[in-house]
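Computed from a predicted structure; not experimentally measured. Just follow the structure's listing: the first ligand is 1, and inside any ligand the first atom is 1.
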Amino acid sequence: MNILDIIEKKKHAKELSENDIKYFVENYVNGNIPDYQISALLMAIYFNKLSINETYFLTKTMIDSGETIKLNSVHGIKVDKHSTGGVGDSVTLVLGPLMASVGLVFTKMSGRGLGHTGGTLDKLESIPGFNINLTDDEFINNLNKSNISIIGQTANIVPADKLLYALRDATSTVDNISLISSSILSKKFALANDALVLDVKVGNGAFMKDVEAALELSEMMVSLGKKFGRNTKAIITNMNEPLGKAVGNSLEVIEAIETLNGNGPKDLEEISIVIGSKLMHMAGITKNEEEAKNILYKNLNNGKALSKFKEMVELQGGDVTYVDNTDKFKLSKIQKNILSSEEGYVEEIDALQIGISSRDLGAGRLTKEDSLDLGAGLILNKKIGDYVNKGDILATIYTNKEDVVDDVSHKITQAFSFTRDKVTYDLILKEID
Ligand code: URA
């Protein structure tokens, strides 16, 4: 077997065997096959696609390229969620404590933000002292103590994905359903969870721009879950405007705390409750999702979910006084309201432009090495369906970078479009069981 035969096979749209897939992944990770040959293979895969079996073997080989975390010593039913990435998406910060509050164990390895999307790790680090780098033992101890821990992906998890993802990024081969599915699920399944819900975002602020593509990706991932014997479901949610009102790290943590206090934006609350109710039903602790939703709404209003958030912050070294008093978060110095020059119902808020604006204000990164201003970002004062008069505040921006204010103000104004007619917005577009 050699890499040229494998490239040739895929070039002619033939099915790769398990051995072919093992051969190219293992030898690429070991440094025996150069980038240019794997680049050619990725492009052949991009055009000729992988079958579900090939995708399964690719995912399996990627998991086997690194360490897996068994979690045998963690007591209870372990649940996890994954979002394909959006703007203002702080669901993990609300859902995790909710799951812990009903006795499920929320075991999560999260990522950092890149480009226009935010990352849970950056958000959590806006709480002074919060440590996302726990050892496996610390992670497991915290899970046993409080049912929740959110940490960064350890270096030894799925090394094949780190290499392949970087190469896909550099060769324009990211947006292939099989490559995305194997990349996401290899990282999820390296951790031994009992139930997983995938939140596949669709819309102007998401990776997937149309529902058909999102459906194809969701069905592929749910089918792969079945092949791995893992309880996996997916929902497709609308990212044609940012989720919630806050975009930016400290700002999103404050909003998540408000949501855990029962005072958050309804869209962020709804997605957290829908995913949570699925996980509870999948874990077998409620008869149906409706029963689960009632329990979850209660726990948002009786302080139980918030107290789990505080436990997690404390166990991971964070300053809990910030949770009790969110005025302590240090927001960026320049704060400016963006006013509307138009009137009408908000028809669309270009989430991509809002994400880029937040990044430019200092809340995001262009490259992995960029440092963040954790107090930067923006708060949307109007959402789709709201009526706006001329002069109303559309958003408030927070930054320490004077030179970006004019450009970002223009971008945000442009991100809003208006209509004379009433507008409705469907948040949950499909559920794939
Ligand atoms: N997120 C991932 O982890 N991998 C992809 O390929 C795309 C999104």
Atom 1 (N) of ligand 1 sits nearest the protein heavy atom Ile184 CG1, 3.8 Å
Looking at ligand 1, does any of its N/O atoms fall within less than 3.5 Å of an N/O of Lys187?
-> yes
request  = Using a strict cut-off of less than 4.0 Å between a Lys/Arg side-chain nitrogen and an Asp/Glu carboxylate oxygen, indicate whether Glu125 and Arg112 qualify as a salt bridge.
outcome  = yes
If you scan protein heavy atoms around atom 5 (C) of ligand 1, the nearest is Tyr165 CE1, 3.2 Å
Atom 6 (O) of ligand 1 sits nearest the protein heavy atom Arg168 NH2, 2.8 Å
Paired with Lys411, the side chain to side chain donor-acceptor pair (under 3.5 Å) test is passed by just one of Asp350, Asp406, Asp360, namely Asp360
Heavy-atom nearest pair, Leu315 first then Ser146, reads CD1-OG, 3.4 Å
Min heavy-atom dist Thr84 to ligand 1 below 4.0 Å | no
Can you label the angle between the Phe228 ring and the Tyr56 ring as parallel, tilted or perpendicular, going by 30° and 60°?
tilted
Point to revise | Sidechain N-carboxylate O distance under 4.0 Å for Asp199, Lys81 | key: no
Per-atom filter on ligand 1: closer than 4.0 angstrom to a heavy atom of Ser183 are 2 (C), 3 (O), 4 (N), 5 (C), 6 (O)
One finds that the ligand 1 atoms under 4.0 Å from a non-hydrogen atom of Phe207 are 7 (C), 8 (C)
Heavy-atom closest pair (Tyr398 atom, Leu378 atom, distance to 0.1 Å) is CD1-CA, 4.3 Å
